[in-house]
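One-based numbering, in listed order, for ligands and for the atoms of each.
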Amino acid sequence: MNPTFLGPARPGRARALVGLRRLVREATLDTGRLIQPLFITDDPAARGPVTSLPGVSRYFPAELGSVAVDLVTLGVPAVLLFGVPARRCPEGHSAADPAGPVARAVAELKAAAPELVVLTDVCLCAYREDGHCGPHGPRGFAHGPTHDLLAAMATSHAEAGADGVAPSAMADGQVAAIRQALDAVGFDDRVVLGYSAKYASAFYGPFRDAARSAPSTGDRRGHQMDPTNGREALAEIALDLAEGADLVMVKPGGPCLDVVARVRDAFPAVPLVAYQVSGELAMIEAAAARGWLDRRAALLESLVALRRAGADAVITYAAREVATWLREETP
Ligand code: PBG
């Protein structure tokens with residue numbers, strides 16, 4: 001007899017058959033939980049595969065029709081767009097250009113597959129010459145101009161047809177500024193996915209190659225969260241919700257599984273997204289390329305771990321490929 005009554009006395013009995021294991025699974029991964037990031041460029045020199053992220057490409061907006069149809073056919077419900085513009089400017093004003101690559105990509109995707117949920121990343125780092133996430137001084141962001149630029153960028157994406165925007169600059173008050181700007185011009189039906197608990201992480205390395213968004217000086221520790229802090233994530237989530245976020249995010253996902261679990265416990269009803277960032281994928285790819293890991297099994301395990309920790313949805317560069325695996329799955 002099991003003296004604790006926490007579970008069966010011989011847990012192994014219910015693991016011995018595949019059918020029994022399937023019956024008692026707690027967390028599952030299905031294609032409906034996947035968000036596919038896409039890099040969009042108007043620069044012929046940037047188009048094509050990203051060396052640091054095997055399997056990931058930068059697309060021209062005009063190429064996205066078939067990508068949209070393919071994802072919808074596979075059952076992937078959503079994409080998250082990142083711009084890699086040919087031209088940068090000192091302040092990053094081009095981020096709000098209605099003819100910019102992301103706005104054009106939104107229109108292409110929605111025209112080809114209206115049911116595909118199109119979310120856009122809202123941050124200035126790929127658009128500013130200095131690679132910083134917004135205008136700043138010696139003590140961090142200049143919040144007024146940062147909010148104005150982020151709100152203009154979000155509004156331009158909504159005008160192009162985006163279903164939602166995902167502010168990732170980690171500027172205090174950015175969700176409120178964007179929510180107000182969207183509401184003011186009638187886009188009160190678009191969602192805001194807050195990058196609410198976004199850490200200053202070493203695991204963003206390959207992304208900064210892909211998005212050409214590395215800061216030219218300094219780093220992002222002045223505004224992104226300190227990886228030493230867990231409780232603070234709960235306050236960041238609460239703030240974004242108070243400012244009007246519809247969904248919230250923990251990023252990076254794998255190194256912050258504890259944070260995902262705490263957010264889930266503290267906010268049982270909040271739609272929660274976890275981002276498997278570029279460096280997490282790069283670790284698996286690099287080990288698999290050496291034959292040290294089973295790539296497919298490691299990827300599936302890393303993603304179901306985010307679900308087990310409490311995430312509703314996961315952002316992963318491997319979304320499309322994972323969807324093909326899930327279609328053929330007999331575990
Ligand atoms: C920036 C942004 C970053 C990522 C998503 N949005 C990079 C950063 O903050 O420097 C990282 C994503 C990844 O590593 O996959 N706006």
query = Can you find a non-hydrogen atom of Gln276 under 4.0 Å from ligand 1?
reply = no
message = Less than 4.0 Å is my threshold; does some heavy atom of Ser213 fall inside it relative to ligand 1?
response = no
task = Go through ligand 1 atom by atom and flag the ones less than 4.0 Å from a non-hydrogen atom of Asp121.
result = 6 (N), 16 (N)
note = protein heavy-atom neighbour closest to atom 11 (C) of ligand 1 works out as Lys251 NZ, 2.9 Å
task = Find all atoms of ligand 1 within a distance of less than 4.0 Å from any non-hydrogen atom belonging to Cys123, and give their numbers and elements.
result = 16 (N)
ask   = Who's the nearest protein heavy-atom neighbour of atom 1 (C) of ligand 1, and how far?
value = Lys198 NZ, 3.4 Å
ask   = What heavy-atom pair brings Pro206 and Ser52 nearest, and what distance separates the two atoms?
value = O-OG, 3.3 Å
remark   = Quick note, ring-ring contact (aromatic ring centres under 6.0 Å, His included) partners involving residues 188-213, not counting sequence neighbours, are Phe39-Phe207, Phe82-Phe207
remark   = Looking only at non-hydrogen atoms, the one of Ser168, Ala282, Ser278 nearest atom 14 (O) of ligand 1 is Ser278
request  = May I ask which of Tyr317, Tyr275, Tyr195 has a heavy atom nearer to atom 15 (O) of ligand 1 than the others do?
outcome  = Tyr317
key: Ion pair Asp163/Lys110, N-O distance below 4.0 Å   = yes
task = Check whether the side chains of Asp43 and Thr41 place a donor and an acceptor atom closer than 3.5 Å, and report yes or no.
result = no
inquiry  = Under a plain distance cut-off of 3.5 Å, with no hydrogens placed, do Glu280 and Ser302 share a side-chain donor-acceptor pair?
reply    = no
ask   = Are any of the heavy atoms in Cys133 under 4.0 Å away from ligand 1?
value = no
Numbering as shown, the atoms of ligand 1 that approach Cys125 to under 4.0 Å (heavy-atom distance) = 1 (C), 16 (N)
Side-chain polar contacts of residues 134-143 - donor-acceptor pairs under 3.5 angstrom, sequence neighbours left out - could you list them?
unit_1, atom_1, unit_2, atom_2, d
His136, NE2, Asp130, OD2, 3.3
His143, ND1, Phe141, O, 3.4

message = I need the atoms of ligand 1 closer than 4.0 Å to a non-hydrogen atom of Phe82, numbered in the order shown.
response = 5 (C), 6 (N)
ask   = Does a side-chain heavy-atom distance below 4.5 Å link Asp294 with Arg296?
value = yes
key: Over-ring placement of Arg88 relative to Tyr127, 6.0 Å and 45° cut-offs   = no
